[in-house]
Amino acid sequence: MKAKGIFSFDYYTENRVIRERNPFYYFPAQESDRDPETGVLTLRSKNDDGQEHLGHKVEGEYGNNSTYLETNITYDQTFGDHSVNLLLLYNQRDYDEGKEVPFRNQGFAGRSAYIYKGRYIAEFNFGYNGSENFAKGKRFGFFPSFAAGWIMSDEPFMEPVEKVIDKLKFRASYGLVGNDQLKRRFAYISTVDFVEGGDVGKGGYKWGTSAGWFERTGRREGEVGVADLTWETVAKTNIGIELGLLKTVHLQVDFFHEMRRDIFMERKNFPSFSGFVKAPWANYGKVKNQGIDVSLDINKQLRKDLFIGVRGTMTYAKNKVIELDEELGKIGTHRSETGKPVGQLFGLIAEGLYTVDDFKDLATGELKEGLPIPTFTNRVYPGDIKYRDLDKSGTITVDDKTAIGGTENPELVYGLGLSVMYKNVDFGVFFQGNGRTYRLIGEGAHEFLPGSGMGRDGNIFTNALTDRWTEENPRQDVFYPRLYVGYNEHNSQQSTWWLRNMSLLRLKNLEVGYTLPKNLIKHAAMEHARIFARGTNLLCFSDFKLWDPEVGSNTGLKYPLMKTFSLGLEIRF
């Protein structure tokens, strides 16, 4: 049995002093500024706030301090085939950065583990955590977890195949995790907002005539306190298997399932006549996340002077919104977010480009009967994007947007590495990739379409010259629809026309090295010496070609990941 105590106090302070000089500026001298008798120039000052010496100004004082206290008791003991491990821990933290109230947390945690014959494992953990973010009586949450494992390869009946299967382990776990870092601090308390007098109708006061207004700061209801505010919780379930073969291959597979409940969010489905200035918040949302995580390692010494190692990893995870407070007009429609992944992309469905045959009167832009009427601009032309009327209203509006593609966050992430050592030469390569990741290019960018900036703003990609719709090139598979000198709101709508798959495979690292023989370096008192050449971000394979799909941009206006090349020398004495 052991007991341990920890206390720490961290203090940080920052002070800034600015020393700067604003010089005097003068207009360029003219001949008329010269004295006709003495020839001396009279300088005309452009500013009168210049300084002869450096100034001194204190700007920005900041500091914080943190106090942490922890005590724990552990107990470890083995009784024949039985092993026991126990832990009981208490901790508290106080963090003060000068706000109205310091940040404070407190909690108890415990763990008990039991192992029988080294192959049957059971474990129980709990956390009883308290947070300042909740009202009295609701500040503490209890979060238990359970885990069990079985090392099957250690069973006597596995001895006949132990040279083939050197490890076989099954494990499972279930537990609750709590989150107190909500989007609002002290959300259980109602607030009062200050409103400037000119903000009439929102709490400010303004009276008088236009010749002389009188304004006074007002007060109004702010955020509504959530009386039953509680922790966000995540129930996590994991089932895994570990397999080792021939002391060469090691495979690990994990299936996981997570259910997040009581997500703190702003209510959307609230009548306007309820009288709230700001919509109330509540622990309302639910999100499910599940997937699989796989890793494979193969390490083999083929000969005395040849070693090969391969490592692969893959994670596939997909989430779904189970419960979300949506507007009544969205519930059960094609615009609903419920049942979709978090961050689902929404947009119009593009059905190609308008052709001359779609118009009843080309001069006025009148479409033929049966075609929905777009409402984003006064009229459309051949070459503009044709959208699907999902709500059957006869018009194209934002209400026709629906779930398209997937999310920007990839559902699939994987990697593959290879390392080879032959005598004194070593080689390593690592590929990294992702899949099922999408992006609406041009979204939120006013100047994305060539010509939108009237020649003043925005960049134009080189494919605008050859891959666009024109009267001479009226193809349906072009990249750009009809271009226009000015902003085209109709063609700039979020839609499947601009939806792109951003999946990629990147050659992340490539390295070649040579270890100098010991008989060459021993005279220099060296134990080890190695020279190497390394390259990073060398190649990227993707169907999307306009810019690096991993920069996280809808327009490409970010620096891509840079290629780097380096030569190095490792020496150990």
Side-chain angles (χ1 to χ4, degrees), residues 1-8 68-93 105-131 140-179 231 233-259 290 292-299 311 313:
M1 179 177 289
K2 298 179 181 179
K4 183 179 180 181
I6 298 174
F7 174 79
S8 67
Y68 180 75
L69 173 66
E70 176 185 311
T71 59
N72 67 68
I73 298 175
T74 59
Y75 176 75
D76 292 278
Q77 189 59 269
T78 300
F79 310 92
D81 294 334
H82 309 272
S83 297
V84 178
N85 174 268
L86 302 174
L87 166 69
L88 185 63
L89 179 146
Y90 167 80
N91 68 82
Q92 67 179 42
R93 181 174 183 262
N105 296 87
Q106 184 182 37
F108 294 90
R111 180 185 71 241
S112 61
Y114 171 72
I115 303 175
Y116 177 64
K117 291 189 175 181
R119 55 181 181 268
Y120 304 103
I121 306 165
E123 185 174 303
F124 168 72
N125 295 269
F126 78 89
Y128 185 64
N129 302 319
S131 171
F140 282 85
F142 181 67
F143 308 104
S145 65
F146 309 88
W150 176 32
I151 306 178
M152 182 177 172
S153 55
D154 288 349
E155 294 288 356
F157 61 79
M158 293 291 292
E159 291 181 1
V161 294
E162 64 180 356
K163 292 185 179 180
V164 178
I165 303 176
D166 53 86
K167 182 179 183 181
L168 180 58
K169 179 181 179 181
F170 299 93
R171 47 186 167 75
S173 63
Y174 172 83
L176 294 179
V177 178
N179 174 40
W231 293 74
T233 58
V234 185
K236 297 188 175 186
T237 304
N238 188 92
I239 298 175
I241 180 173
E242 297 179 28
L243 176 64
L245 300 174
L246 303 171
K247 295 184 179 181
T248 300
V249 179
H250 183 262
L251 174 67
Q252 181 173 312
V253 182
D254 286 275
F255 300 92
F256 58 88
H257 179 280
E258 299 178 359
M259 177 63 77
Q290 57 187 4
I292 182 173
D293 186 56
V294 180
S295 67
L296 175 66
D297 288 276
I298 302 175
N299 297 288
R311 178 172 176 79
T313 62

Intermediate values then yes/no, salt bridge (Lys or Arg N to Asp or Glu O under 4.0 Å), R171 and D254 = CA-CA 9 Å; R171 47 186 167 75; D254 286 275; 2.6 Å; yes

Checking side chain to side chain contact (heavy atoms under 4.5 Å, CB included) for the pair Q92/N105: CA distance, chi angles, key distance, verdict?
-> CA-CA 6 Å; Q92 67 179 42; N105 296 87; over 6 Å; no

Mind running side chain to side chain contact (heavy atoms under 4.5 Å, CB included) on I6 and L69 for me, showing each step along the way?
-> CA-CA 6 Å; I6 298 174; L69 173 66; over 6 Å; no

Can you check ring pair (Phe, Tyr, Trp, His ring centres under 6.0 Å) on Y128 and F140, steps first, answer last?
-> CA-CA 6 Å; Y128 185 64; F140 282 85; 4.9 Å; yes

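In this structure, the side chains of T74 and L86 stay at 4.5 Å or more apart for every pair of heavy atoms. For the pair F170/M152, a side-chain contact is recorded, criterion being any heavy-atom separation below 4.5 Å from C-beta on. At least one side-chain heavy atom of H250 sits under 4.5 Å from a side-chain heavy atom of K167. Put simply, the side chain of M1 reaches to within 4.5 Å of the side chain of I73, judged on heavy atoms. Using a 4.5 Å heavy-atom cutoff, the side chains of L251 and V294 are in contact. Two residues are said to be in side-chain contact when any heavy atoms from C-beta on lie closer than 4.5 Å; S131 and W231 meet this criterion. Between T248 and N299, every side-chain heavy-atom pair lies at or beyond the 4.5 Å cut-off. Side-chain contact between M259 and V234 is absent, with no heavy-atom pair separated by less than 4.5 Å.
A donor-acceptor pair under 3.5 Å links the side-chain atoms of D166 to the main chain of K247, judged by distance alone. Side chain of S153 to main chain of L168: a donor-acceptor pair is present (N/O by atom type, distance under 3.5 Å, no hydrogens or angles). The backbone N or O of L88 lies less than 3.5 Å from no partner atom in the side chain of N72, so there is not a single donor-acceptor pair.
Enclosure of atom CG in L246 by more than 12 non-hydrogen atoms of other residues, nucleotides or ligands within 6.0 angstrom is indicated.
Ion pairing between D76 and K2 fails under the 4.0 Å rule for side-chain N and carboxylate O. Between K4 and E70 there is no salt bridge, since no side-chain nitrogen of the basic residue lies less than 4.0 Å from a carboxylate oxygen of the acidic one.
In this structure, F126 has its ring center at least 6.0 angstrom away from the ring center of F143. Taking the ring centroids of F146 and Y174, they lie at or beyond the 6.0 Å cut-off.
Here the CE atom belonging to M158 is positioned 12.0 Å from the CD1 atom belonging to I151, to the nearest 0.5 angstrom. One finds the NZ atom of K117 at 5.5 Å from the CG atom of D81 (value rounded to the nearest 0.5 Å). Expressed to the nearest 0.5 Å, how far NZ of K169 lies from CD of E242 amounts to 5.0 Å. Note: E123 CD to S145 OG = 7.0 Å, rounded to the nearest 0.5 Å.
Using bins of under 30°, 30° to 60° and over 60° for the plane-to-plane angle, the ring pair Y120/W150 lands in the parallel bin.
With no hydrogens or angles considered, a side-chain donor-acceptor pair links Q106 and Y90 at under 3.5 Å.
Contact between F256 and D293 at its shortest, heavy atoms only, is CE2-N, 4.2 Å. Nearest approach of F79 to V84, heavy atoms of both residues: CE1-CG2, 4.5 Å. Summarising the geometry of F255 relative to I292, their closest heavy-atom pair is CE2-CD1, 3.4 Å, with the distance given to 0.1 Å.
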